[in-house]
J.: 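This structure is in structure tokens; I'll ask about it shortly.
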Amino acid sequence: MKLLDMKEGISPQWAEKGYQMPQFDLEAVRAKTHEQPTWVHFGAGNLFRAFPAAILQQALDSGKYDRGVIVAEGFDFEIIDKAYRPYDNLGLLVCLQSDGTIQKKVIASVTESLKADSQFAEDWVRLSDIFRNPSLQMISFTITEKGYGVAPADLERGLAPVLIMGKVTLLLYERFLAGALPLTVQSMDNCSHNGDKVKAAVLTYAEKWAEEGLVPAEFLAYVQDPQKVTYPWSMIDKITPRPDAKVQQMLADDGFEDNYTIITDKRTYTAPFVNAEETEYLVIEDNYTNGRPPLELGGVLYVDRETVDKVERMKVCTCLNPLHTAMSIYGCLLGYDLISAEMEDEDIRGLITKLGHIEAMPVVVDPGVLKPADFIDAVLNRRLPNPFMPDAPQRIATDTSQKIPIRFGETIKAYQAQGMNMDNLVLLPLVLAGYARYLKGIDDEGRAFEPSPDPLLEELRSIVAPLEVKEGEQDFSCLKNLFGRKDVFGVDLYAAGLGERIEGMTAELYAGPGAVRRTLHKYVSER
């Protein structure tokens with residue numbers, strides 16, 4: 001069975017194998033969307049197909065909505081040519097369960113796939129027509145944080161930009177010329193206050209073009225007018241790894257033939273299918289000027305901006321990101337190369353479980369729409385142990401110095417602000433001590449390893465250079481140059497009353513081969 005075969009329906013034998021088909025009139029939805037589009041999404045990668053497109057599928061399956069989504073790709077055009085159009089824009093979503101099973105669903109909510117660049121004249125004309133259509137309600141993005149960058153050279157190209165945000169601003173100009181029609185510009189990327197990043201990019205182009213007389217000043221006023229164009233915040237959380245060999249084999253065993261990986265010239269890894277974890281969250285600021293698709297039918301939580309911020313802080317400061325960093329540090333020191341394998345280590349699992357529930361949870365701000373305890377339980381019991389998630393501590397350890405201020409410094413600040421007893425923090429200091437040991441680049445068996453890339457790596461490694469992994473006395477005074485740095489830890493750990501304690505833990509971790517395991521076990525057991 002091929003993916004295109006499923007457009008005409010699915011036989012009982014395939015249904016028995018768990019393949020779910022769309023429950024709506026595909027051709028009717030495509031026709032309605034072509035005439036009255038409501039949603040264009042930029043970024044045709046795996047996250048889009050596994051999450052926003054799948055959410056819309058649920059809305060369509062409910063029978064309460066009748067418009068699909070048009071996807072546009074502005075960076076890697078091969079994705080459109082190789083992963084969308086040969087399959088008539090259908091895709092297979094393979095949901096990776098923590099128990100080792102998979103669920104399979106044919107996603108048909110994408111009605112058109114376009115290349116967002118003027119070199120593809122037919123596609124660009126179609127995009128321009130869509131942006132001039134009063135029915136358009138929302139454009140959205142999964143282009144990664146760097147996609148919102150603005151380069152001086154691109155600004156100098158005037159109304160012929162190359163970067164995606166320049167092209168989006170040009171399309172917004174088309175909408176302005178059509179009558180300054182309202183629209184919402186919605187980031188769905190995993191970065192803090194993402195709507196502000198989109199807005200800043202659009203305004204940079206609009207201001208430059210207005211300054212040079214390429215567009216009227218009224219266009220700049222249009223993209224700045226919250227009654228016309230809005231840029232809501234959102235928090236998204238779902239892991240969508242590149243196509244997995246185990247999944248490919250399972251599909252092959254089913255007799256599903258489109259089970260291969262597609263690698264583009266730009267090194268994008270995609271496929272006719274997309275594999276993703278079962279857990280997902282999308283919380284969006286409900287600030288739309290022209291209506292919106294009813295994505296709440298697929299599980300989206302629409303809230304105010306303050307609540308989006310609370311959800312993001314809950315995730316980044318307490319319930320996920322700090323646990324990831326703790327695992328990455330101790331996983332590298334203990335020789336692990338898979339996060340899921342670390343979850344079978346009682347000391348590491350105990351570290352992150354107690355770190356989250358006992359030490360961080362007392363200062364988390366409950367956003368109201370998601371219970372922090374439920375979120376962290378999903379992380380610990382479904383997400384991190386998932387055998388299909390081929391994530392490595394070495395990848396997560398990238399840029400650790402840039403992550404610590406938010407992932408741990410904010411918790412320390414909250415303890416200070418609330419007048420809480422710093423003695424209640426035990427495992428958090430242990431993680432920071434572990435970072436000082438990690439910087440040495442020697443694992444618990446005495447083998448050298450290369451710490452992951454980090455902009456401050458060499459500078460911080462030079463601080464711990466005088467230290468040795470050995471038993472016996474040595475001078476740890478150099479650590480004051482590390483633990484006193486607010487840029488790395490968010491606070492001066494000595495001023496916070498934690499510096500000396502962390503120094504002591506660091507000394508234990510440096511006390512020869514096996515010291516990391518002994519120290520980790522000691523503090524986790526005591527906690």
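Position 1 is the first residue of the sequence; numbering continues from there. The figures that follow rest on heavy atoms only: side chains count, while hydrogens, waters and symmetry mates do not.
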J.: Hey, are the side chains of L493 and I412 touching, using non-hydrogen atoms and a 4.5 Å cut-off?
T.: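 They are in contact (side-chain heavy atoms under 4.5 Å apart), so the answer is yes.
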J.: Testing the basics here: between T289 and P226, what is the closest heavy-atom pair and its distance to 0.1 Å?
T.: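 Smallest interatomic distance, heavy atoms only, reads CG2-O, 3.6 Å.
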J.: Step through the shown structure and confirm whether more than 12 heavy atoms of other residues, nucleotides or ligands are within 6.0 Å of CD on E27.
T.: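 Yes, enclosed.
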J.: Does some side-chain heavy atom of P294 sit less than 4.5 Å from a side-chain heavy atom of K64?
T.: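 A side-chain contact under 4.5 Å is absent here.
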J.: Regarding R126 and D123, does a basic nitrogen lie under 4.0 Å from an acidic carboxylate oxygen?
T.: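 No, R126 and D123 are not salt-bridged.
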J.: Could you pull out every donor-acceptor pair under 3.5 Å between side chains of residues 211-225 and any protein atom, sequence neighbours left out?
T.:
{"from": "E212", "atom 1": "OE2", "to": "K208", "atom 2": "NZ", "distance (Å)": "3.1"}
{"from": "Y222", "atom 1": "OH", "to": "L181", "atom 2": "O", "distance (Å)": "2.5"}
{"from": "D225", "atom 1": "OD1", "to": "Q227", "atom 2": "N", "distance (Å)": "2.9"}

J.: Assess the side chains of T184 and N287: does a donor N or O sit below 3.5 Å from an acceptor N or O?
T.: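 The criterion, which ignores hydrogens and geometry beyond distance, is not satisfied for N287 and T184.
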J.: Just by modelled atom types, is the T325 backbone N or O under 3.5 Å from a matching donor or acceptor in the K403 side chain?
T.: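 Not a single qualifying donor-acceptor pair exists.
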J.: Salt bridge or not for D66 and K32, using N-O below 4.0 Å?
T.: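 Salt bridge between D66 and K32, a charged N being under 4.0 Å from a carboxylate O: yes.
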J.: Taking side chain to side chain donor-acceptor pair (under 3.5 Å) as the test, write out the residues that go with E410, two or more places apart.
T.: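 Counting only residues at least two positions away or on another chain, E410 forms a side chain to side chain donor-acceptor pair (under 3.5 Å) with R313, K413.
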J.: With salt bridge (charged side-chain N to carboxylate O under 4.0 Å, His left out) as the rule and sequence neighbours excluded, what pairs involving residues 270-281 come up?
T.: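 Qualifying pairs, neighbours excluded: K238-E280, E277-R383.
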J.: How would you list, by chain and number, every residue that makes a ring pair (Phe, Tyr, Trp, His ring centres under 6.0 Å) with Y435, sequence neighbours excluded?
T.: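 For Y435, no residue satisfies ring pair (Phe, Tyr, Trp, His ring centres under 6.0 Å) once neighbours in sequence are set aside.
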J.: Heavy atoms, side chains only, cut-off 4.5 Å: are D189 and Y148 in contact?
T.: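 Yes, at least one pair of side-chain atoms sits under 4.5 Å.
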J.: Any chance the side chains of S113 and N89 put a donor and an acceptor closer than 3.5 Å?
T.: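 S113 vs N89: donor-acceptor pair found between side chains.
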J.: For the CG atom of L384 and the CG atom of L323, what is their distance to the nearest 0.5 Å?
T.: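 Output value for this atom pair is 7.0 Å.
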J.: Under a 4.0 Å N-O cut-off, is there an ion pair linking R157 with D154?
T.: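 Answer for the salt bridge query: yes.
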J.: Enumerate the salt bridge (charged side-chain N to carboxylate O under 4.0 Å, His left out) contacts for residues 161-173, please, sequence neighbours excluded, ordered by first and then second residue.
T.: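 Sorted result for residues 161-173: D117-K167.
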J.: Is the NZ atom of K146 crowded by more than 12 outside heavy atoms at less than 6.0 Å?
T.: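 For K146, atom NZ is not crowded (no more than 12 foreign heavy atoms under 6.0 Å).
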J.: Starting at CD of Q36, measure out to CZ of R67 and round the result to the nearest 0.5 Å.
T.: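 If we round to the nearest 0.5 Å, Q36:CD and R67:CZ are 5.0 Å apart.
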J.: Mind telling me whether W39 and H41 have parallel, tilted or perpendicular rings, with 30° and 60° as the class edges?
T.: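 Ring orientation of H41 relative to W39: perpendicular.
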J.: For E112 and T33, which I'm curious about, is there any donor-acceptor pair between the side chains at under 3.5 Å?
T.: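 No.
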J.: Is a donor on one side and an acceptor on the other found under 3.5 Å between the side chain of Q23 and the backbone of M21?
T.: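 Side chain of Q23 to backbone of M21: a pair is present.
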J.: Is the distance between the ring centroids of F375 and Y281 under 6.0 Å?
T.: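 When the ring centroids of F375 and Y281 are compared, they turn out to be within the sub-6.0 Å range.
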J.: What's the shortest heavy-atom distance between G68 and V29, and which atoms?
T.: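 Heavy atoms only, the tightest pair is N-CG1, 3.6 Å.
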J.: Are the side chain of T398 and the backbone N or O of R395 linked by a donor-acceptor pair below 3.5 Å?
T.: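 Looks like yes, one N/O pair under 3.5 Å.
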J.: What residues, two or more places apart in sequence or in another chain, satisfy side chain to side chain donor-acceptor pair (under 3.5 Å) together with S328?
T.: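 Per chain and number, S328 pairs via side chain to side chain donor-acceptor pair (under 3.5 Å) with no residue.
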J.: Between N190 and T142, is there a side-chain heavy-atom distance shorter than 4.5 Å?
T.: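 Side-chain contact under 4.5 Å: no.
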J.: Would you give the length of the straight line joining atom CG of D265 to atom CD1 of I263, rounded to the nearest 0.5 angstrom?
T.: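 If we round to the nearest 0.5 Å, D265:CG and I263:CD1 are 10.5 Å apart.
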J.: So how far is it from S452 OG to I396 CD1, rounded to the nearest 0.5 Å?
T.: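 One gets 9.5 Å once the value is rounded to the nearest 0.5 Å.
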J.: Using salt bridge (charged side-chain N to carboxylate O under 4.0 Å, His left out) as the criterion, list what pairs up with K228, not counting sequence neighbours.
T.: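 K228: no salt bridge (charged side-chain N to carboxylate O under 4.0 Å, His left out) contacts found.
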J.: Is it the case that the side chain of N275 and the backbone of V247 share a donor-acceptor pair, with hydrogens and angles ignored and the cut-off at 3.5 Å?
T.: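 Checked: no pair found.
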J.: Please tabulate, one pair per line, all N/O donor-acceptor pairs under 3.5 Å involving side-chain atoms of residues 45-60, not counting sequence neighbours.
T.:
{"from": "N46", "atom 1": "OD1", "to": "T270", "atom 2": "OG1", "distance (Å)": "3.4"}
{"from": "N46", "atom 1": "ND2", "to": "Y269", "atom 2": "O", "distance (Å)": "3.1"}
{"from": "R49", "atom 1": "NH1", "to": "A271", "atom 2": "O", "distance (Å)": "3.1"}
{"from": "R49", "atom 1": "NH2", "to": "T270", "atom 2": "OG1", "distance (Å)": "2.9"}
{"from": "R49", "atom 1": "NH2", "to": "A271", "atom 2": "O", "distance (Å)": "2.7"}
{"from": "Q57", "atom 1": "OE1", "to": "A108", "atom 2": "N", "distance (Å)": "2.7"}
{"from": "Q57", "atom 1": "OE1", "to": "S109", "atom 2": "N", "distance (Å)": "3.3"}
{"from": "Q57", "atom 1": "NE2", "to": "V106", "atom 2": "O", "distance (Å)": "2.8"}

J.: For the residue pair N321 and K315, establish whether any side-chain heavy-atom pair is separated by less than 4.5 Å.
T.: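 Yes; the side chains approach each other to less than 4.5 Å.
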J.: Under 6.0 Å from the NZ atom of K486, do we count more than 12 heavy atoms belonging to anything else shown?
T.: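 For K486, atom NZ is not crowded (no more than 12 foreign heavy atoms under 6.0 Å).
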J.: Applying the side-chain hydrogen bond (donor to acceptor under 3.5 Å, both in side chains) test to W233, which of D309, N194, D196 qualifies?
T.: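 The side-chain hydrogen bond (donor to acceptor under 3.5 Å, both in side chains) with W233 is passed solely by D196 among D309, N194, D196.
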J.: Which residues pass the ring pair (Phe, Tyr, Trp, His ring centres under 6.0 Å) test with F141, not counting sequence neighbours?
T.: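 Ring pair (Phe, Tyr, Trp, His ring centres under 6.0 Å) check on F141 returns F42.
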J.: Once ring pair (Phe, Tyr, Trp, His ring centres under 6.0 Å) is applied, what residue pairs with a partner in residues 106-126 remain, sequence neighbours excluded?
T.: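 Sorted result for residues 106-126: F77-F120.
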J.: Distance-only, no hydrogens or angles: does the T169 side chain make a donor-acceptor pair with backbone N or O of A206 under 3.5 Å?
T.: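 Answer holds: no.
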J.: When rounded to the nearest 0.5 angstrom, what distance separates OG1 in T38 from CD1 in I130?
T.: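 Spacing of OG1 (T38) from CD1 (I130) equals 10.5 Å.
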J.: For the NZ atom on K199, are there more than 12 heavy atoms of other groups (residues, nucleotides or ligands in this structure) within a distance under 6.0 Å?
T.: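 No, not enclosed.
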J.: Just how far is it from atom CD1 of I262 to atom NZ of K82, taken to the nearest 0.5 Å?
T.: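 Here the rounded value is 8.0 Å.
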J.: Please list, chain by chain and in numerical order, all residues satisfying side chain to side chain donor-acceptor pair (under 3.5 Å) with D366, sequence neighbours excluded.
T.: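 Not a single residue meets the side chain to side chain donor-acceptor pair (under 3.5 Å) criterion with D366.
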J.: Once salt bridge (charged side-chain N to carboxylate O under 4.0 Å, His left out) is applied, do any residues pair with E306, and if so which ones, sequence neighbours excluded?
T.: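 So E306 forms a salt bridge (charged side-chain N to carboxylate O under 4.0 Å, His left out) with K310.
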